[in-house]
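As structure tokens, the structure follows; a few thoughts come after it.
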Amino acid sequence: MERLLVVGRGAREHAIAHKALLSGKLEVYVAPGNGGMCPPIHRVPIQETEIAKLRDFIRHTKVDYVIVGPEAPIARGMYDDLHDLAVVIAPPQKLSFLESSKAKAKYFMETIGIPTASAVIFDKSRQADAESYLRGSDYPLVIKASGLAGGKGVLIAHHPEEALQFVRESFSGARFGAAGHTVVIETYLPGEERSAFILADGVGYAFLPMARDYKRLREGDKGPNTGGMGGYAPADEATWSETVREKIIEPTLHALKKSGTPYRGFLFVGLMMVDGEPYVLEYNVRLGDPEAQVILPLIENSMEEILYYYRIQKLGELKVRLHEKYAVGVVAATAGYPESPQTGQLLPDLPEEEGGCKVDERTYLYSAGVETQPDGKRYATGGRTYTVVGLGASLKEARQRAYAGMEKFPFEGRHYRTDIAIQ
Ligand code: AMP
Ligand code: GLY
């Protein structure tokens, strides 16, 4: 059997591990994982930052493939650190600017003509200019901390006062630390948001189903932005995916290749579809969470096949097949998320089968903020706790399964949105 190491600890990583397990041909390890992950998934007690330990583990265990889930280790250079030992599914550090610097990503898009909101960029040495720009602008206006801010670095400002306050707190470091020392201020795009994903191997790429994420905490897209409260896939009306390939994916990959560092790994493009035309809101150098939880269970090709095509750099020839029509995922979080999530809630019995994922034939649970105490009981560690995913022949059927699954795993103060995939 070949061996796969997944780096990360969330529901996205649980979904990756589950998909790998189902191939029946991979031994699956997750570092560090979380307390909801069960055998035959092997948890490895190494943190995402412990490169020397990861290297030792890969050598001793003879790991063949490494999939890096979250952005932080990719931005720190995990591909560069590990690729001499195993096939690493992640981009080199040099390309992580696409996610870790919204200012550089904007410049890249403008240079190569990728459709995106027009923007001006200020760093903190130009605070006075930024403030006078904000006083003289029309609203709404979108302001983004340039660096990694865990999905919380964006304000849709409706009047100058809140814009000025955001920019001052961003420049001072009070709000996002150094990640806020540069801001991107851009025009507001009205439209429908979508997430597009590819897996690229340095030569070609496979286009994965597009997904929709629900970022706001509350029903009707109200409340603060979160990491994502649910989603569904596929979410590509009409010929959207063709348009996205042609206008966004192909020119992006072409430009990176021309720059001398072809893209490899998952690329996630956050899009606003404006009258059927795609505009890039952001690039991410990884799979989305909760998007991965609804995309991966839909794909019929085994993880082993996908990894093989990645290794031989023939993903352009891989036919991505879906074995179910729709997947809907609903995220359960602890009370207080995202501002000040409560912790320590006792969790009910979670699934044990298929690595802790199988609720029933077409319902899965992917755990995130879950820890197992020495007494064997599981507790929430705060924030997003798990995602329940339902599959179905229609969006409605998939949604019903997901919500029926949610009923089975209540805990104190649990919050979830009741309107995921209701169109
Ligand atoms: P980002 O991290 O850049 O994807 O932004 C976070 C969220 O802010 C997005 O998911 C959108 O909902 C919203 N957003 C970002 N940029 C814009 C824009 N130019 N126009 C409208 N909404 C935006
Ligand atoms: N769900 C959005 C993200 O993973 O960034």
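The model shown is predicted, which means the values in this text are computed figures rather than measured ones. In listed order, ligands and their atoms are each counted from 1. The chain is numbered in sequence order, starting from 1.
- Contacts of V142 with ligand 1, taken as heavy-atom pairs under 4.0 Å, involve the side chain alone.
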Pair up each side-chain donor or acceptor in residues 141-151 with any protein partner under 3.5 Å, not counting sequence neighbours, and list the distances.
{"from": "K144", "atom 1": "NZ", "to": "E186", "atom 2": "OE2", "distance (Å)": "3.1"}
{"from": "K144", "atom 1": "NZ", "to": "L281", "atom 2": "O", "distance (Å)": "3.1"}
{"from": "S146", "atom 1": "OG", "to": "K102", "atom 2": "N", "distance (Å)": "3.2"}
{"from": "S146", "atom 1": "OG", "to": "A103", "atom 2": "N", "distance (Å)": "3.1"}

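- Ligand 1 has an N or O atom lying under 3.5 Å from an N or O atom of T187, backbone or side chain.
- Summary of contacts: the protein heavy atom closest to atom 14 (N) of ligand 1 is L281 CD1, 4.2 Å.
- Taking a cut-off of under 4.0 Å to the non-hydrogen atoms of K215, the atoms of ligand 1 that pass are 10 (O).
- Considering only non-hydrogen protein atoms, atom 10 (O) of ligand 1 sits nearest to E193 OE2, 2.4 Å.
- In this structure, the ring of Y65 has its center no less than 6.0 angstrom from the ring center of Y310.
- Protein heavy atom at the shortest distance from atom 7 (C) of ligand 1 is N225 ND2, 4.3 Å.
- Annotation: ligand 2 has protein neighbours D213, G227, F268, R286, G288, D289, P290, E291, each with a heavy atom less than 4.0 angstrom from the ligand.
- At a heavy-atom distance under 4.0 Å, only side-chain atoms of V154, from C-beta outward, approach ligand 1.
- Of the polar atoms of Y188, none of the N or O atoms is found under 3.5 Å from an N or O of ligand 1, judged by distance alone.
- R399 and Y232 are not linked by any side-chain donor-acceptor pair at a separation below 3.5 angstrom, with hydrogens and angles left out of the test.
- Nearest to atom 22 (N) of ligand 1 among the protein's heavy atoms is M272 CE, 3.7 Å.
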